[in-house]
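Before any comments, here is the structure.
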Amino acid sequence: MPVPLLLALAAALAANPVACWTTTPFNAPAIPLAVRSPYLSTWHMNPAQPINGNWENFWTGTVTAWTGYAYVDGSPFLLMGTPADGAQIPPSATQQSVNITATQSTFVLSAGAVDITATFLSPVEPGDLVRQSLPFSYLAITATSNDGKPHAVKLYTDISAEWVSGNDNQIVEWNTTIGDFITYEVHLQNETQFQDVGDRIQYGSVYYTVENTTGLTYQIGQDSVVRTQFVNQSVLTNTLDTDFRAISDRWPVFAFAHDLGDVSNTSAPIVYSIGSVRDPAIQYVVANNATQDRSLYFWSNFSSIDDAIAFFMQDYSGASSRAAALDSKINTDASAVSADYAALVALSVRQAYAAFEITISKDSSGQFNTSDVMAFMKEISSSEKINTVDVLYATLPLFLYLDPAMVKLSLLPLLEYQATGQYPNEWAVHDIGTTYPQALGHNDGKDLMLPVEESGNMLIMTLSYVQRTNDKSIITSYFNLLDQWTQYLIANTLDPQNQLDSDVFAGSLANQTNLAVKGIIGIKAMSEIATIAGDSARSSNYSSIASSLISQWEQLATASGNNHLTLTYGDDTSWGLAYNLYADILLNTSLVPAQIYEMQSSWYATVANQFGVQLDTRHTYVLSNWEIWAAATTTTTDVRNKMIQDVFSYASNGKTPAPFEDWYDTVNGTGIGQFKARPVVGGHLALLALPSGSQPGNNNSGSSPPDSQGGGSPSSSPTSSSSPSQSSQPSSAALARVTWGKAVINSIVVMGLVLGTLM
Ligand SMILES: *[C@@H]1O[C@H](CO)[C@@H](O)[C@H](O)[C@H]1NC(C)=O
Ligand SMILES: *[C@@H]1O[C@H](CO)[C@@H](O)[C@H](O)[C@H]1NC(C)=O
Ligand SMILES: *[C@@H]1O[C@H](CO)[C@@H](O)[C@H](O)[C@H]1NC(C)=O
Ligand SMILES: *[C@@H]1O[C@H](CO)[C@@H](O)[C@H](O)[C@H]1NC(C)=O
Ligand SMILES: *[C@@H]1O[C@H](CO)[C@@H](O)[C@H](O)[C@H]1NC(C)=O
Ligand SMILES: *[C@@H]1O[C@H](CO)[C@@H](O)[C@H](O)[C@H]1NC(C)=O
Ligand SMILES: *[C@@H]1O[C@H](CO)[C@@H](O)[C@H](O)[C@H]1NC(C)=O
Ligand SMILES: *[C@@H]1O[C@H](CO)[C@@H](O)[C@H](O)[C@H]1NC(C)=O
Ligand SMILES: *[C@@H]1O[C@H](CO)[C@@H](O)[C@H](O)[C@H]1NC(C)=O
Ligand SMILES: *[C@@H]1O[C@H](CO)[C@@H](O)[C@H](O)[C@H]1NC(C)=O
Ligand SMILES: *[C@@H]1O[C@H](CO)[C@@H](O)[C@H](O)[C@H]1NC(C)=O
Ligand SMILES: *[C@@H]1O[C@H](CO)[C@@H](O)[C@H](O)[C@H]1NC(C)=O
């Protein structure tokens with residue numbers, strides 16, 4: 001940084017010490033607050049501002065107002081949100097730090113002699129269907145005396161009805177339950193089952209809850225009235241406005257206030273829960289084009305929503321401990337790759353999980369059928385499609401690493417539907433429905449046509465799940481379907497016609513090398529699946545076919561200079577990220593020769609732009625998940641870490657303030673603007689999902705020969721990481737720990753704010 005800039009910064013700091021805080025592990029493009037389901041997705045969208053410098057937003061950008069105040073020794077402070085509606089505006093508490101882990105975002109703000117810590121926890125509960133399917137997040141607030149003396153502390157939070165819809169003209173109604181807990185329930189007056197408008201669900205309720213403790217007051221009313229009541233009086237009136245009206249008509253807000261008394265050290269946390277619940281959650285196509293209503297799984301465990309909320313509230317302390325342990329495990333594993341990598345992974349976990357919902361059906365007598373559990377995924381911003389196969393494929397590493405059961409639960413809706421025989425095409429379907437939450441299938445066969453892509457993906461994902469879990473049920477139940485897709489690949493994958501692949505936005509091409517190799521790995525995966533199913537004749541036939549195809553592919557796909565794979569056969573000037581090679585390492589199928597990985601690794605190092613290797617020669621953009629998949633196929637730590645660092649540089653450069661956008665330009669480091677908050681960031685965990693000891697290429701010791709038993713269990717523990725080696729370079733993530741006025745200054749985002757204030 002040039003000296004004049006430093007001086008300007010120093011002057012700005014002196015003039016405005018408000019605008020400085022530390023960020024750990026980095027300045028994320030947006031900070032997850034309550035991010036738990038497709039419809040509970042609230043973010044701090046512009047982290048250049050403190051949390052009391054912006055309204056909170058749904059991922060689409062519409063406001064989901066969440067206001068917070070503190071009273072310290074008789075003086076009010078603003079903690080969260082930016083109320084400006086005629087209410088008296090108290091001074092802002094000073095944001096001191098932001099800390100993002102895989103499941104939590106923690107803000108510390110000082111309000112006079114007290115530090116307020118606000119922890120937003122969106123639990124990730126691998127293997128626990130009840131807890132994972134509860135669409136609720138926590139906010140826990142504590143107050144800590146920062147001078148060792150006692151101070152009188154009061155807290156206030158409210159939510160607006162914007163949490164229910166993005167259309168502020170809609171009329172909302174509400175209800176309050178007062179018992180051991182106080183819960184506000186808010187819903188649309190005009191509910192439309194299974195309708196999702198502007199990505200917001202048109203039925204169901206938002207719930208905002210605290211424990212009923214002494215020192216609690218509550219109030220529903222107009223925003224300015226309720227907030228002014230607290231700011232002037234430091235207590236609420238315990239009155240409940242029942243004049244149901246439009247969201248923006250005298251903006252009704254739902255508020256709680258707590259008197260913490262004198263705080264001389266750290267107070268016990270005030271815990272809030274916020275949730276978005278609907279029932280039924282999903283409409284799913286079954287035999288004869290009939291539909292089935294499916295509920296979120298947790299309903300099978302509770303007799304009422306009040307019981308579910310009470311369980312969630314009472315579970316806070318356990319949830320908090322589990323979250324800390326999970327955050328620590330993920331951070332330890334990812335830090336073994338690099339600090340940049342750990343930062344990316346921390347930001348990705350909640351975002352990916354929140355696209356998924358775990359559901360259960362009822363049998364004809366109305367009882368929950370615990371043998372029928374399925375997970376549904378919304379693409380989120382790229383479309384509203386459901387369980388899009390190539391999006392599941394991109395997300396696969398997250399679940400193989402943390403939660404392999406989720407792979408099966410997400411494949412089941414696709415497998416079960418196609419097993420009914422209603423889908424007319426010989427290849428695998430692209431998705432299970434066009435518009436979330438209506439999973440109505442594609443009985444006309446006119447879904448988006450990605451035949452090689454999705455057939456290969458289904459086979460690869462199926463084998464990956466069985467390898468990790470030894471649960472062979474999906475092989476047994478759906479063997480014929482898997483074999484049908486393999487037949488399609490055998491006939492088509494080496495010479496794919498003018499097909500689309502996962503990167504639909506880039507357009508279709510004939511003879512794409514990266515697509516063809518996926519199909520060949522898919523055939524090899526079916527060979528392993530046949531072995532597991534005891535069909536050794538089929539297994540050896542498919543294994544030979546895959547070996548023969550891979551040799552032909554190598555000839556067709558390698559540029560004549562033997563220095564890179566082409567994008568399409570025969571076009572030596574073309575190239576791209578051969579990210580599908582990752583599947584060969586993941587499955588330990590060892591089909592692709594080692595020299596291909598070495599060649600690509602060297603090539604990536606020579607063609608990288610400032611923010612990474614572009615997707616292919618047609619455009620300078622890339623998807624971050626494929627960049628990380630490709631990084632996981634490199635043969636040197638330097639190349640791997642550079643590719644990770646390039647994605648991190650994009651993520652941390654402050655140019656794209658939005659829930660992480662995976663589609664970005666590798667030259668200008670800016671998001672393309674359309675792929676926000678998508679689950680594919682689960683692909684950032686690609687290095688953590690590889691079986692321990694795995695290496696690229698088929699002539700490394702330790703990898704199995706083509707006709708070995710295969711398909712067994714490459715890793716008894718899905719938690720093992722891929723023997724990563726330490727980076728000797730100081731990472732940019734470490735440098736991004738900004739400590740103003742003390743040591744390192746390396747935050748474009750925060751710096752821009754300071755300078756902006758100066759000018
Ligand atoms: C961030 O949070 C994690 C988990 O709670 C904690 O281990 C770490 O020390 C925190 N870092 C900072 C700088 O506060
Ligand atoms: C608060 O309590 C902890 C231990 O519970 C102690 O380490 C710390 O010094 C105390 N802080 C103040 C300001 O008294
Ligand atoms: C409030 O809840 C009660 C009990 O569930 C219900 O009968 C009533 O219709 C609800 N009112 C509104 C406005 O939602
Ligand atoms: C809620 O708490 C108040 C005191 O804060 C108490 O009077 C009331 O009985 C509680 N309500 C229930 C239903 O427990
Ligand atoms: C109710 O909402 C649906 C959209 O979900 C809309 O099409 C319909 O016009 C609305 N009806 C009324 C009476 O507002
Ligand atoms: C709040 O206090 C301010 C000044 O202290 C006063 O001007 C205003 O009228 C008060 N508003 C209410 C609603 O009490
Ligand atoms: C299947 O049912 C859906 C409505 O759920 C309908 O839109 C579609 O036309 C039906 N398809 C066939 C092939 O009957
Ligand atoms: C509900 O789920 C919790 C957590 O998984 C479990 O401890 C409890 O036993 C379950 N209760 C019922 C009734 O299934
Ligand atoms: C429960 O679901 C399983 C799996 O879909 C199904 O085979 C079974 O028939 C269902 N049972 C009932 C009673 O509906
Ligand atoms: C695809 O590649 C094959 C093998 O080189 C070739 O025969 C075929 O013509 C190519 N297709 C197109 C559309 O270029
Ligand atoms: C191997 O599989 C292919 C494709 O299904 C089939 O055409 C061929 O007959 C099989 N060969 C043997 C020996 O079974
Ligand atoms: C970055 O590059 C993309 C092309 O990939 C272009 O569309 C976009 O406008 C550029 N953005 C900026 C800020 O230069």
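In each ligand, atom 1 is the first atom listed, and ligand 1 is the first ligand listed. These numbers were taken from a predicted model, which means no experiment stands behind them.
Taking Asp616 as the reference, Leu567, Arg618 meet the side-chain contact (heavy atoms from CB on, under 4.5 Å) condition, with sequence neighbours excluded. Partners of Thr237 according to the side-chain contact (heavy atoms from CB on, under 4.5 Å) rule, which considers only residues two or more places apart in sequence or in another chain, are Gln219, Gln229, Thr239.
The Gln487 neighbourhood of ligand 11 comprises atoms 4 (C), 5 (O), with distances under 4.0 Å to a heavy atom of that residue. Taking every heavy atom of Tyr542 and a limit of under 4.0 angstrom, the matching atoms of ligand 11 come to 2 (O). Set against the non-hydrogen atoms of Phe244, the atoms of ligand 3 under 4.0 Å away are 13 (C).
Side-chain N/O atoms of Thr462 and Tyr478 include no donor and acceptor closer than 3.5 Å. Using modelled atom types, one finds a donor on one side chain and an acceptor on the other under 3.5 Å when comparing Trp626 with Asp503.
Residue-level contacts of ligand 12 at the 4.0 Å heavy-atom threshold are Thr620, Asp665, Asn668, Thr670, Ile672.
Using a non-hydrogen distance threshold of 4.0 Å, Ile545 registers as a contact of ligand 11.
Side chain of Ser547 to backbone of Ser543: a donor-acceptor contact under 3.5 angstrom is found.
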Query - Derivation and outcome, salt bridge (charged side-chain N to carboxylate O under 4.0 Å, His left out), residues Arg538 and Asp483 - result: CA-CA 10 Å; Arg538 196 179 307 260; Asp483 195 52; 2.8 Å; yes
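Across every non-hydrogen atom of Tyr297 and Ser133, the tightest pair is CB-OG, 3.5 Å.
With a 4.0 Å cut-off on non-hydrogen atoms, Arg538 does not touch ligand 11 at all.
Sorted by first and then second residue, the ring pair (Phe, Tyr, Trp, His ring centres under 6.0 Å) pairs involving residues 510-551 (not counting sequence neighbours) form an empty list.
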